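Reading through the structure tokens given below for one structure.
Heavy-atom basis, side chains included; hydrogens, waters and symmetry copies ignored. Lettering of chains follows the sequences in order, A, B, ..., and the numbering in each one begins at 1. Everything numeric in this text was worked out from a predicted model, so none of it was measured.
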Number of protein chains: 4
Amino acid sequence: MPGPNAARRNERSRRAILTAALELLAETSYPDLTVEAIAARAGVGKQTIYRWWRGKGGVILEALVDATDADGEPRLPDTGDLGADLRTVLRAIVAEFADPRLSATTRALTIETLADDTLAAQVRDQILRPQLDAVKVRLRAGQDAGQVRTDVDLDQVVELLVGPVYHRWLLRTGPLTDDYADGLVALALAATSPPERPG
Amino acid sequence: MPGPNAARRNERSRRAILTAALELLAETSYPDLTVEAIAARAGVGKQTIYRWWRGKGGVILEALVDATDADGEPRLPDTGDLGADLRTVLRAIVAEFADPRLSATTRALTIETLADDTLAAQVRDQILRPQLDAVKVRLRAGQDAGQVRTDVDLDQVVELLVGPVYHRWLLRTGPLTDDYADGLVALALAATSPPERPG
Amino acid sequence: MPGPNAARRNERSRRAILTAALELLAETSYPDLTVEAIAARAGVGKQTIYRWWRGKGGVILEALVDATDADGEPRLPDTGDLGADLRTVLRAIVAEFADPRLSATTRALTIETLADDTLAAQVRDQILRPQLDAVKVRLRAGQDAGQVRTDVDLDQVVELLVGPVYHRWLLRTGPLTDDYADGLVALALAATSPPERPG
Amino acid sequence: MPGPNAARRNERSRRAILTAALELLAETSYPDLTVEAIAARAGVGKQTIYRWWRGKGGVILEALVDATDADGEPRLPDTGDLGADLRTVLRAIVAEFADPRLSATTRALTIETLADDTLAAQVRDQILRPQLDAVKVRLRAGQDAGQVRTDVDLDQVVELLVGPVYHRWLLRTGPLTDDYADGLVALALAATSPPERPG
DNA sequence: AACTAAACGAGACGGTACGTCGAGTCTTCAG
DNA sequence: CTGAAGACTCGACGTACCGTCTCGTTTAGTT
């Protein structure tokens, strides 16, 4: 995307920068994370960072995208039991937010996102959307199987599941546990289960 | 709370600082808001800010608390129609997040909150909790009136309403409209309405 | 000289301030000596210092004048042996400059003097002049006794004795010893002894 | 001497800083001279000053050394007439101290010198010593020519000439004129002329 | 295999803001 | 109604990073 000739890019430096950034993020808070420190830790000139990224936000984003891509396309299990499948994925999400190590990058990106619309769009499209869509796909399968009403907006249902977790994590209004995840799934299913068919 | 003798505090300076902070926040992004600028705008020495607050985060918090307190105890309407009442409040919340002016302070506090647990707790208890509790009170009234199942955790229901809005606002995954608010209320009601009583 | 009614002045505070100033001067370098510290040490409000003095320079001056006055009018010995008397006084001066404790105040006043003409005049007239004049008086007695030429400016001779000491002390160009003092006296006497009277 | 790589140093910035410092010193008193003002006047970041100097004292020192070096090795005239030569140089020294513009830097360095031993040593060795030595050289020539006694310490004689000037300048005890300079030379010569040779 | 141009490490640069310190002034309150 | 205590405005301090800008030095990809 940027001006310089990407073909000549030093992959070793790129990896060192991403690694250093994640390491430092695990050691300090995000506002205390500096481009200078990343460059020093990576054994790299500052210019090499600014040549390829717009700042620390971009570096963190790419680090996270890299990590996510390694997992391949996210795909939810489909055991036929919609509730069980949703519980599985929501428990995983809750666990990720509860883990201070894993949530450090999320926290970092959230901060940067609040002030930088460009970055926000990238985070949304490259990281968040695929994960939300995976849930949505599973819900659609539930619709097809008659377990979910057909007159609901599936995007909204996804947010009904994920939004409260995000809210609770950011604002620390309560514990992030498996029970909490299960409760959310129960509520979401209750909200979207089709009306009883009269005999 | 801090060291200096609060009795000798200059109320004029305090007000000038809070006002200046809110003004500047409306003019620039939060990361561009500096203590130096607040002091200059307020016609106050920087030391007077650092004497009473720990940084710009604390100032914004107090400014917002002040503004909130002025409104008095938040109290939801109770017209007897639970759905209508919830739509009213959720539309208000959505409108607030959609208004760039109003959401600037919220955005600012959210950023600071992500890196400062002390501040996070203050925001939660002094600003957020009262608002959430107001919704909760209305829901409990709904429970008493038999409009809401008695076996649900009302805190969780509140989050079911507010969490998705917060999620959508922060991550910009969709528009914040009245329709969206109404849809959330419909889902929440469907999730919590008591089972049909057989005739 | 100052505005406030001197009659109402609190002598206890005045003494406490002067004492605190001298104590602190012995503990830290002069630029590190602050009005704030003096006030704190003396158990006095800052205003009480600014009410009666123009700053730390004035305080130090008064402290030194006070100390000097206690010694009464300086008077050089007159044993009839001009050389011996001058050696006595010059050795004392050299010793005072060589003593780090005693020279701290002198150093402090000199600094302040360099930037404040008013203070410089006070130092000159209240502290320095009496000391120089005492030497001058002894030299005049020498003149009367025919030991000193009558065609020399005695002020200049005094400076001939004291100037080099001051120079050496300030610029640290050599040791300040009794031998050095004696050498200066010898040179000064040689410069001012009357011509041989032909038999 | 400092940490950073001197080879990469920007000579333009260095010159701008020294020039700005001298300009500002001519405009304000030394205590009112701030690093911030020097940086602003020089169009330079403050860090660039602190990177290469320890503070304003060091800057002034280097500015003065630079100016002095430009003059090359100081060398006193030797016309054969010792008295005339000494009068020439002492009149020059007196004139320099009497000139408010020229004495501003001297005054500044003296202040800093009083509180910083490291700087004092630099001033002594790099600025003062060469000037004093030049006088000493001329005196030694006088000794060789039989105009000065061989049993006097020439360093002491130099101080006999310069010390009183310094003293009078600092303490403002009298005017700094050519007559004063001539009088000092006369006294010094009288103090050091060899005894009459009996015919 | 030498040439050339870009990316690289290093780090100095002009800046901005930080959080602290002290100056000198102004206000409050106890004796 | 003085004077201690100390909060106030102001402005400089010295530091930390920002993002830009040279410097030589690798390191590719031509020629």
Side-chain angles (χ1 to χ4, degrees), chain A residues 3-10 12-14 16 31-40 42-52 54-56, chain B residues 3-10 12-14 31-40 42-52 54-56, chain C residues 4-5 8-10 12-13 16 31-40 42-56, chain D residues 3-10 12-14 16 31-40 42-52 54-56:
Chain A
N5 182 349
R8 285 181 164 275
R9 184 168 185 183
N10 184 339
R12 176 190 304 280
S13 294
R14 179 178 161 276
D32 291 351
L33 174 67
T34 67
V35 172
E36 216 137 58
I38 296 174
V44 140
K46 277 199 293 178
Q47 192 62 248
T48 301
I49 294 182
Y50 285 111
R51 187 175 301 120
W52 303 107
R54 286 196 300 115
K56 62 178 179 174
Chain B
N5 182 346
R8 290 179 174 265
R9 186 166 186 183
N10 185 339
R12 176 189 305 280
S13 293
R14 179 176 161 274
D32 291 352
L33 174 66
T34 67
V35 173
E36 214 136 23
I38 296 174
V44 139
K46 275 199 292 179
Q47 196 60 49
T48 299
I49 294 182
Y50 286 110
R51 189 168 8 246
W52 302 107
R54 286 197 300 115
K56 61 180 178 174
Chain C
N5 181 347
R8 291 186 159 276
R9 187 165 184 184
N10 183 338
R12 176 189 304 280
S13 293
D32 291 352
L33 174 67
T34 66
V35 173
E36 216 138 58
I38 297 174
V44 140
K46 279 200 290 179
Q47 194 57 37
T48 301
I49 294 182
Y50 285 111
R51 185 157 25 235
W52 303 107
W53 291 278
R54 285 197 301 112
K56 62 179 179 176
Chain D
N5 182 347
R8 289 182 169 274
R9 185 165 186 184
N10 185 338
R12 178 188 303 279
S13 294
R14 179 179 160 274
D32 290 352
L33 174 67
T34 67
V35 173
E36 214 137 27
I38 296 174
V44 140
K46 275 198 291 178
Q47 196 61 45
T48 300
I49 294 182
Y50 285 111
R51 194 173 359 252
W52 303 108
R54 287 196 300 112
K56 61 179 178 175

*asked:* In whole Å, I'd like the distance from the CZ atom of B/R12 to the P atom of E/dT27.
replied: 10 Å

*Does any donor-acceptor pair link the side chain of B/K46 with the base of E/dG19 at a separation under 3.5 Å?*
yes

_Earlier contact from the 5' end, DNA chain F, for D/L33 and B/G45_ = B/G45

*Could you give the CZ-to-P distance, from C/R51 to F/dC1, as a whole number of Å?*
15 Å

*Counting any heavy atom closer than 4.0 Å, what does A/G43 reach on the DNA or RNA strands: base, sugar-phosphate only, or nothing?*
sugar-phosphate

*Answer yes or no: does atom CZ of A/R9 have more than 12 heavy-atom neighbours from other residues, nucleotides or ligands under 6.0 Å?*
yes

*Any N or O donor-acceptor pair linking the side chain of C/Q47 to the base of E/dC26 at under 3.5 Å?*
yes

*Counting just side-chain N and O atoms, does A/W52 come under 4.0 Å of either OP1 or OP2 of E/dC8?*
yes

*asked:* Using every non-hydrogen atom in the two residues, find where A/K56 and A/L33 come nearest and quote the distance to one decimal.
replied: NZ-O, 3.0 Å

*asked:* Distance check needed: E/dG14 P versus D/R9 CZ, whole Å only.
replied: 11 Å

*Quickly work out the D/N5 CG to E/dC13 C1' distance and round it to whole Å.*
14 Å

*asked:* Taking any heavy-atom pair under 4.0 Å as a contact, classify B/T48: base, sugar-phosphate, or nothing.
replied: base

*To the nearest 0.5 angstrom, please state how far the OG1 atom of A/T48 sits from the NZ atom of A/K46.*
11.5 Å

*Mind calculating the distance between CZ (D/R54) and C1' (F/dC13) to the nearest angstrom?*
16 Å

*Within this structure, what is the CG-to-P distance between C/D32 and E/dC21, rounded to whole angstrom?*
13 Å

*Starting at the 5' end of DNA chain F and moving along, which residue's nearest nucleotide shows up first, B/E36 or A/T34?*
B/E36

*Integer-rounded Å distance: E/dT28 C1' and B/R8 CZ*: 5 Å

*Going from CH2 on B/W52 to CZ on B/R14, what distance comes out if it is rounded to the nearest 0.5 angstrom?*
11.0 Å

*Would you tell me if any nitrogen or oxygen in the side chain of C/S13 comes within less than 4.0 Å of OP1 or OP2 on F/dA4?*
yes

*Nearest-Å distance, CG (B/N10) to C1' (E/dT25)?*
14 Å

*Taking the side chain as every heavy atom from C-beta outward, state whether B/V35 and B/Y50 have any atom pair closer than 4.5 Å.*
yes

*asked:* Using heavy-atom distances to pick each residue's nearest nucleotide on DNA chain E, tell me which of A/A40 and B/Y50 is more 5'.
replied: A/A40

*Which comes earlier along DNA chain E counting from the 5' end, the contact point of C/G55 or that of A/A42, where each point is its nearest nucleotide?*
A/A42

